[in-house]
Amino acid sequence: MNAPLKNTVPLSLRVPEPRARPGDPIDFSGLVVAPAGAAPRPDINASAYAVRDLAFTLVRVLDEANVAVGPWNPKLSPAQMKRGLRTMVVTRAYDERMYRMQRQGKTSFYMKCTGEEAVASAQALALAEDDMCFPTYRQQALLIARGYPLVDMMNQIYSNAADPCKGRQLPVMYTSKAHGFFSISGNLGTQFSQAVGWAMASAYKGDSRIACAYIGEGSTAEGDFHSALTFASVYDAPVILNVVNNQWAISSFQGIAGGEESTFASRGIGYGIPALRVDGNDFLAVYAVTQWAADRARANLGPTLIEHFTYRAAPHSTSDDPGRYRPVNEADAWPLGDPVERLRDHLIASGEWSDDDHKALEKEAADLVRAAGKEAEAIGTLGQSRPSVKEMFEDVYKETPWHIRRQRQELGV
Amino acid sequence: MNAPLKNTVPLSLRVPEPRARPGDPIDFSGLVVAPAGAAPRPDINASAYAVRDLAFTLVRVLDEANVAVGPWNPKLSPAQMKRGLRTMVVTRAYDERMYRMQRQGKTSFYMKCTGEEAVASAQALALAEDDMCFPTYRQQALLIARGYPLVDMMNQIYSNAADPCKGRQLPVMYTSKAHGFFSISGNLGTQFSQAVGWAMASAYKGDSRIACAYIGEGSTAEGDFHSALTFASVYDAPVILNVVNNQWAISSFQGIAGGEESTFASRGIGYGIPALRVDGNDFLAVYAVTQWAADRARANLGPTLIEHFTYRAAPHSTSDDPGRYRPVNEADAWPLGDPVERLRDHLIASGEWSDDDHKALEKEAADLVRAAGKEAEAIGTLGQSRPSVKEMFEDVYKETPWHIRRQRQELGV
Amino acid sequence: MPAMNMIQALNSAMDVMMTRDPNVLVFGEDVGYFGGVFRATEGLQKKHGLTRCFDAPIAEGGIVAAAIGMGAYGLRPVIEIQFADYIYPGYDQIVSEAARLRYRSAGDFTAPLTLRTPYGGGIFGGQTHSQSPEALFTHVAGIKTVVPSNPYDAKGLLIAAIEDDDPVIIFEPKRLYNGPFDGWHENPVSPWAKHPDSEVPEGHYTVPLGKAKVVREGNDLTVLAYGTMVHVAQAAAVHAGVDAEVIDLRTLIPIDIETVVASVKKTGRCVIVHEATRTSGFGAELSALVQEECFYHLEAPIARVTGWDTPYPHAFEWEYFPGPQRVADAMKRVMEG
Amino acid sequence: MPAMNMIQALNSAMDVMMTRDPNVLVFGEDVGYFGGVFRATEGLQKKHGLTRCFDAPIAEGGIVAAAIGMGAYGLRPVIEIQFADYIYPGYDQIVSEAARLRYRSAGDFTAPLTLRTPYGGGIFGGQTHSQSPEALFTHVAGIKTVVPSNPYDAKGLLIAAIEDDDPVIIFEPKRLYNGPFDGWHENPVSPWAKHPDSEVPEGHYTVPLGKAKVVREGNDLTVLAYGTMVHVAQAAAVHAGVDAEVIDLRTLIPIDIETVVASVKKTGRCVIVHEATRTSGFGAELSALVQEECFYHLEAPIARVTGWDTPYPHAFEWEYFPGPQRVADAMKRVMEG
Ligand SMILES: Cc1ncc(C[n+]2csc(CCOP(=O)(O)OP(=O)(O)O)c2C)c(N)n1
Ligand SMILES: Cc1ncc(C[n+]2csc(CCOP(=O)(O)OP(=O)(O)O)c2C)c(N)n1
Ligand SMILES: [Mg+2]
Ligand SMILES: [Mg+2]
């Protein structure tokens with residue numbers, strides 16, 4: 001008789017832990033990195049099933065000698081690469097200044113994207129200017145690439161009189177419809193499924209614009225991630241679904257989101273969504289997979305899921321101290337290097353760039369940021385200058401109803 | 001210059017539609033059915049990645065000649081198979097009577113599981129009696145297999161004085177902790193992630209009991225499905241995650257849940273959860289994959305996802321009329337047949353059963369159900385008998401607080 | 001003018017708007033080919049095409065999110081949540097996103113969606129097909145909340161909601177889909193056709209959001225009601241023999257404070273009725289407002305007649321429901337107070 | 001007795017219960033190795049082991065669901081939602097499941113979970129780190145809602161909640177984590193150590209759920225407050241020079257009606273204060289209750305002093321917050337009324 005077995009061992013609960021905590025030696029030995037150029041580049045109309053192995057490998061273009069190799073080499077012109085490099089360098093300079101400003105008490109909060117600049121910088125280059133992005137708080141490079149004024153970004157951060165969000169939003173929660181940059185939410189994940197709705201609308205109208213959505217690997221656990229993939233799959237929405245896997249969600253390593261059990265890209269397989277995993281610190285690789293995904297979307301071939309494999313070199317935010325939960329210099333040991341240095345070295349190796357050029361670019365970026373900073377600070381930093389208090393009561397609805405009007409009177413503004 | 005492409009065609013929105021609507025010829029030509037015995041049976045400790053192809057095939061044991069073939073043949077004893085057959089036949093008889101009773105106005109609502117009986121019947125046999133199930137409203141066979149009194153099921157449906165749910169729940173929303181049957185919720189999907197929590201608790205306590213959760217293919221779109229898979233994956237919970245793909249979610253075909261783009265089993269791949277797709281109308285195949293999954297869970301190897309490929313032969317509920325959205329006789333044309341007939345024919349082909357035996361079983365089942373029906377109806381049907389009205393105010397909290405006590409007084413009960 | 005029941009009126013509102021405005025589209029669970037479990041979207045797919053009225057996955061959060069994205073694009077999506085009891089998986093997207101998008105982006109993006117959802121008891125549906133969760137939305141700044149009580153208003157309010165540039169939730173009392181149910185549940189419900197508010201113009205018109213309606217004039221006390229309870233209140237007034245003024249609020253947020261205050265100042269007494277559970281229900285807000293605005297005019301305590309603070313129980317629907325007897329009793333109590 | 005701040009008191013409550021009862025475990029986002037973004041779970045993993053205090057995926061719905069399943073098994077899970085603003089993805093599981101499991105199964109299954117969540121303003125966190133959503137839970141039958149105002153109560157209430165057989169939500173005012181903030185935001189906050197309620201026993205004790213506390217006796221008017229506003233109300237009474245009786249409700253559901261009614265009957269006047277938005281806030285229920293119970297004792301309209309009906313605005317935190325000046329003004333108005 002084939003009766004149900006009982007256990008031979010008692011059950012036990014497994015709680016995943018990262019390989020190294022503060023004080024432990026840094027350990028990236030579990031990380032398997034495919035060589036640059038190895039991943040095949042299928043046709044954009046290949047089926048999700050046919051391309052499913054791309055979810056388990058790593059698309060890489062820049063090899064150890066900083067040469068661009070393999071079928072994913074996007075063959076960018078030097079001018080394009082320089083433009084991308086510039087976006088990354090300006091972003092880094094911007095981050096550094098704003099982080100410092102928060103430390104000086106000039107604003108309440110800031111978040112850097114250090115180490116992850118290639119993701120948004122390369123994507124901005126690969127997308128059309130009017131494609132709509134639904135970012136998290138770590139894609140400031142999109143705004144920078146698309147020419148949104150640095151000073152307006154700073155005004156938002158200072159909640160000053162010129163703040164485009166009128167003092168209502170936490171710093172870094174930018175918005176600019178004109179730059180295809182959706183209003184950032186503090187609630188993780190919500191934008192991911194909204195992006196699919198936007199893409200459905202674009203398809204419904206026979207438009208040509210596509211949507212590009214971002215989510216952190218930690219936030220993939222939210223239901224909105226699943227909604228996004230379901231709706232994108234069912235309605236074949238023209239959207240690029242980006243998971244930025246920077247290994248950390250505040251203090252939780254990617255295993256707490258399931259990253260030890262499979263890749264985040266492989267989540268796409270179950271929805272029939274072509275999914276790629278890309279070296280997120282390889283500007284050229286990010287550009288190439290984005291172009292592939294965008295071409296698919298534009299050709300009515302539907303959504304693509306991209307996992308950007310990168311590392312959050314900065315603290316989560318100015319409220320965070322990573323020294324409490326990970327080895328101090330883990331970022332420096334990240335096996336996939338730094339995105340700015342890698343693109344710089346590739347340009348230098350191609351004879352298109354020099355150390356001096358790079359220093360000049362860094363200086364230009366610093367000057368640009370400093371000038372914008374002066375301008376914004378002249379308007380005012382947090383608490384020194386702000387929009388009219390009346391603004392607190394506006395825009396709750398298009399027309400302010402009586403009860404909110406009356407509350408405004410109650411406050412006497 | 002490699003500038004972003006613009007579309008060569010305007011975008012368009014794709015809304016999936018089933019192959020046949022009322023009046024159209026029935027069309028199952030898109031359904032690819034692997035031959036019985038073809039799917040390999042890996043070791044229980046094989047990795048999710050290694051077994052990923054099982055999510056795209058169909059585990060089948062009973063072949064066209066009703067012979068059990070291949071590595072998944074669970075080699076059940078005739079006694080076990082007869083027990084399973086009996087569960088299915090009683091379930092069908094029970095469904096028929098209760099459906100009729102609703103039509104006669106004796107209750108407000110009923111839901112059948114016709115065509116899907118093998119799923120819960122085979123699983124009840126493959127699980128230990130004290131494993132905890134988190135069912136939807138279509139696993140009444142679990143209660144029947146585990147010996148829960150039919151009359152109590154009916155009392156629940158009649159909301160009569162003996163209703164174990166004290167008149168509070170919609171008919172079919174049974175509960176019985178003693179029978180490892182979690183209280184059914186009207187909110188789709190919520191039980192799926194709760195089951196994972198229960199399984200985590202069992203593992204936390206070093207217990208031996210595992211959890212077994214159910215969800216309809218339509219409901220996989222809810223965030224709870226994603227939560228369940230995420231938590232099960234991260235904490236390696238001892239749980240069997242069953243997706244019952246009966247092709248329909250009220251009037252929506254499985255394509256509206258993403259079933260045209262990939263299999264529901266393949267959703268497991270992205271979480272590193274071994275996933276199988278099984279012929280849900282093949283009792284032996286369902287038993288076999290369940291046993292495999294249960295063995296994995298008991299051996300601390302974690303969760304398994306099973307997609308049961310079946311067909312909802314009945315209307316969604318007594319409130320539904322499938323003639324409004326699908327061809328009338330689609331159920332009869334279902335290429336994977338009827339689960340009761342297939343197990344019956346297998347037993348007959350094995351020389352263990354006869355038409356007369358089967359008729360006798362059907363009569364026994366009808367008698368059993370009729371006797372229970374008389375007993376329950378003697379207590380009373382909806383509106384004729386019910387628990388004390390006081391029960392409306394009990395069990396909101398363990399101790400009834402003053403405001404609810406006072407409301408009870410207000411009503412004067 | 002044709003007589004319409006509430007379902008037909010709602011259907012007509014969507015049809016009119018889909019015809020006028022290509023940016024209006026309808027989606028939700030089972031609303032496409034099938035026409036919705038309450039048939040509110042019947043025929044819309046056939047008439048307007050597959051991409052303008054279609055089925056959605058069973059993911060209320062995804063449905064709301066998609067509508068927000070569409071709204072941000074520039075469409076005016078109308079979504080159906082099959083039962084109000086199932087709105088909670090979409091709660092985060094409604095509360096954190098739709099309600100706050102205009103504010104947080106200073107008007108850069110907006111979410112002009114309309115969410116329709118059947119609510120309240122009426123189908124012996126037990127705790128998950130009978131809820132009245134309106135108060136869980138009236139607390140949230142940035143959304144408008146609407147409850148029609150008859151076919152004419154249902155169509156006019158739904159059109160106004162679709163044209164409104166803010167997110168609007170319409171709770172449709174399923175007890176009223178087929179007739180003006182007055183709470184005397186032993187009696188057969190008379191069909192809408194016999195009721196004047198079933199005369200519904202075929203074309204475009206609006207009933208403005210934020211405007212209540214005095215449906216019964218009276219001098220003794222004021223009843224604040226919405227949805228089904230508008231009819232129950234009128235039946236109760238007759239039953240109690242009280243010269244009650246019954247106000248159909250129609251829109252809960254923003255509330256029509258002028259109409260409410262004028263009436264209570266006139267009558268000096270107030271009974272608030274709703275089917276939702278009592279504690280922290282919308283009746284609490286109404287009570288607080290009336291007390292704040294009319295304190296010196298009140299001659300008796302404001303009374304609330306509501307569903308009990310329990311889940312909605314299948315077998316005790318009529319003991320749970322605040323029917324005309326209970327409302328009449330409260331009226332008498334308030335008259336004595 | 002050691003002086004503890006609120007975080008230490010909460011931490012001690014969990015530590016005590018984990019030590020006493022192997023069925024108590026703690027999980028939530030970042031609560032494990034790191035000890036939580038507000039450090040409330042610091043050291044618990046190290047002391048009690050990896051499986052008893054651990055990180056959860058960023059899925060509030062999954063966290064609540066897992067806790068429900070664990071509760072059904074027989075454990076007493078304590079979960080942290082990192083900010084109350086992020087509770088909404090878990091709303092369906094709380095409202096439809098945890099709150100109703102006992103009722104719908106007639107006691108066959110229960111969900112004795114405790115949900116802790118930091119709430120209210122205090123960190124210049126803008127609209128998604130400052131919300132006070134308590135009224136969205138007080139409307140839901142089946143859950144208890146608790147708001148401590150000091151370390152002693154925080155520990156005693158949290159232990160009572162963990163031992164309670166029903167689901168309990170504890171909203172922890174983050175403004176009070178480090179000191180008894182009284183709303184005079186220009187002044188430095190004095191540390192808890194200087195406050196008598198920071199004397200917290202190291203071991204096990206409870207503060208019963210459902211019992212309010214009169215924290216300031218007075219005869220002129222009654223202030224109903226909870227959390228931060230308890231301290232603001234006391235400061236406002238001093239500022240206004242009004243002999244106010246201040247009641248710290250401590251538990252919102254079930255509310256301690258006796259203490260409330262006794263006080264208002266004594267004073268004849270009532271001011272209700274909370275940081276949450278006004279419309280349909282818990283103040284509305286309090287106002288309705290007081291009005292129903294004390295109508296004939298009231299000498300002036302009940303006043304509500306609350307956050308405005310807008311999202312929580314980053315740059316206008318102090319105009320939004322109902323500080324002692326606004327509360328004092330209301331007290332004076334009510335005294336004149
Ligand atoms: C719904 C919700 N839950 C929790 C939080 C608190 N929180 C803010 S950022 C963060 C970590 C996010 O990690 P990840 O998604 O990996 O993005 P990253 O910060 O690494 O870019 C958490 C938990 C939130 N903002 N929203
Ligand atoms: C959260 C939620 N949304 C919607 C519904 C309404 N509803 C009840 S059953 C059903 C279809 C479910 O389909 P499926 O999951 O495939 O299960 P099946 O009925 O086929 O067994 C729907 C939409 C619900 N009960 N709960
Ligand atoms: Mg991350
Ligand atoms: Mg189904």
Side-chain angles (χ1 to χ4, degrees), chain A residues 12-18 21 107-109 158-160 163 165-171 173 185-190 216 218-225 249-253 255-258 319-320 324-325 382-383 386-387 389 391-396 401 403-404 407-408 410-411 413, chain D residues 25 27 29-39 42 45 49-63 82-83 85-86 88-90 92 123-131 277-279 305-320 322 326 329-330:
Chain A
S12 65
L13 185 65
R14 190 260 319 266
V15 176
E17 270 285 290
R21 288 293 194 185
T107 185
S108 57
F109 183 78
Y158 292 142
S159 290
N160 66 19
D163 172 8
C165 294
K166 301 197 173 163
R168 297 182 192 136
Q169 274 275 52
L170 192 67
M173 304 282 161
S185 175
N187 295 58
L188 295 170
T190 48
S219 308
T220 61
E222 291 287 3
D224 304 293
F225 175 74
I250 310 186
S251 76
S252 300
F253 85 123
I256 295 295
S319 313
D320 181 42
R324 296 189 101 127
Y325 53 79
L382 184 67
R386 54 179 189 166
V389 180
E391 290 296 349
M392 174 162 63
F393 297 100
E394 299 294 316
D395 288 332
V396 182
H403 62 289
I404 299 179
Q407 290 177 13
R408 198 182 82 192
E410 211 176 310
L411 184 63
V413 296
Chain D
L25 80 175
F27 62 104
E29 295 158 21
D30 300 297
V31 307
Y33 185 91
F34 183 54
V37 297
F38 290 103
R39 331 251 9 99
E42 188 159 25
Q45 181 180 86
L50 188 60
T51 62
R52 297 200 62 200
C53 176
F54 54 84
D55 291 340
I58 304 174
E60 292 76 12
I63 291 170
Q82 198 163 83
F83 287 86
D85 316 61
Y86 304 137
Y88 310 117
D92 185 43
I123 58 166
F124 279 95
Q127 51 151 350
T128 56
H129 301 88
S130 311
Q131 293 168 39
T277 55
R278 179 172 305 170
T279 298
V305 188
T306 68
W308 309 118
D309 284 326
T310 73
Y312 211 104
H314 180 248
F316 309 113
E317 176 133 358
W318 299 121
E319 284 81 10
Y320 183 90
R326 266 167 61 199
D329 290 347

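Each chain gets a letter, A, B and so on, in the order its sequence line appears, and its residues count up from 1.
- The structure places CG of A/Leu411 at 10.5 Å from CZ of D/Phe316, a figure rounded to the nearest 0.5 Å.
- With hydrogens and angles disregarded, a donor-acceptor distance shorter than 3.5 Å links the side chain of D/Tyr86 to the backbone of A/Gly186.
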message: side chain to side chain donor-acceptor pair (under 3.5 Å), that's the test. Do D/Asp30 and A/Ser251 meet it? Break it down for me.
response: CA-CA 6 Å; D/Asp30 300 297; A/Ser251 76; 2.7 Å; yes
- prompt: Are D/Gln82 and A/Ile250 close enough, and set up right, to give a side-chain contact (heavy atoms from CB on, under 4.5 Å), and what steps lead you there?
  reply: CA-CA 12 Å; D/Gln82 198 163 83; A/Ile250 310 186; 3.6 Å; yes
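- The part of A/Leu382 that comes within reach of chain D is its side chain, from C-beta onward, which places non-hydrogen atoms under 4.5 angstrom from that chain.
- Of all non-hydrogen atoms in A/Val15 and D/Leu50, the two that sit nearest each other are O-CD2, 3.5 Å.
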query: Should D/Thr310 and A/Phe393 be marked as a side-chain contact (heavy atoms from CB on, under 4.5 Å) after you check the CA-CA gap, both sets of side-chain angles, and the distance that decides it?
result: CA-CA 7 Å; D/Thr310 73; A/Phe393 297 100; 4.0 Å; yes
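- In this structure, chain D has a heavy atom under 4.5 Å from the side chain of A/Glu17, while its backbone stays farther away.
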Steps toward side-chain contact (heavy atoms from CB on, under 4.5 Å) verdict (A/Ser252, D/Glu29): CA-CA 8 Å; A/Ser252 300; D/Glu29 295 158 21; 5.8 Å; no
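- Taking every heavy atom of both residues into account, D/Tyr33 and A/Arg21 meet most closely at CB-NH2, 3.3 Å.
- With contacts defined as side-chain heavy-atom distances shorter than 4.5 Å, the pair A/Ser319/D/Val37 does not qualify.
- Interatomic distance, A/Ser108 OG to D/Glu317 CD, rounded to the nearest 0.5 Å: 9.5 Å.
- Contacts of D/Asp329 with chain A are absent, with no heavy-atom separation under 4.5 Å from either backbone or side chain.
- Partners of A/Arg168 by salt bridge (Lys or Arg N to Asp or Glu O under 4.0 Å), not counting sequence neighbours, listed by chain and number: A/Glu391, A/Asp395.
- For A/Pro387, the parts lying under 4.5 angstrom from a heavy atom of chain D are both the backbone and the side chain.
- For chain A, the option among D/His129, D/His314, D/Arg326 with the highest count of heavy-atom pairs below 4.5 Å is D/His314.
- Using a 4.5 Å cut-off between heavy atoms, D/Ser130 does not touch chain A at all.
- If you take CD1 on D/Ile58 and CD on A/Glu222, they are separated by 7.0 Å, rounding to the nearest 0.5 Å.
- Contact annotation: the side chain of D/Arg278 approaches that of A/Glu410 to within less than 4.5 Å [non-hydrogen atoms, C-beta and beyond].
- Heavy-atom minimum distance, A/Ser159 versus D/Ala315: CB-CB, 3.9 Å.
- Of the atoms belonging to A/Val396, it is side-chain heavy atoms, and not backbone ones, that fall under 4.5 Å from chain D.
- Using a 4.5 Å cut-off between heavy atoms, D/Glu42 contacts chain A through its side chain alone, with no backbone atom that close.
- Under the rule for a side-chain hydrogen bond (donor to acceptor under 3.5 Å, both in side chains), D/Tyr320 has no partner lying at least two apart in sequence or in another chain.
- Side chain of A/Gln407 to main chain of D/Asp309: a donor-acceptor pair is present (N/O by atom type, distance under 3.5 Å, no hydrogens or angles).
- Between D/Glu319 and A/Arg386, at least one side-chain N (NZ, or NE/NH1/NH2) sits under 4.0 Å from a carboxylate O, which counts as a salt bridge.
- The candidate with the highest count of non-hydrogen atom pairs below 4.5 Å against chain D, out of A/Val389, A/Asp163, A/Ile404, is A/Val389.
- When heavy atoms are compared at a cutoff of 4.5 Å, A/Leu13 approaches chain D by way of both its backbone and its side chain.
- Ranking A/Asn160, A/Asn187, A/Asp320, A/Asp224 against chain D, the residue ahead of the rest is A/Asn187, based on heavy-atom pairs under 4.5 Å.
- Between A/Met392 and D/Pro313, the shortest heavy-atom contact is SD-CG, 3.5 Å.
- A heavy-atom distance below 4.5 Å is not found between the side chains of D/Phe124 and A/Phe109.
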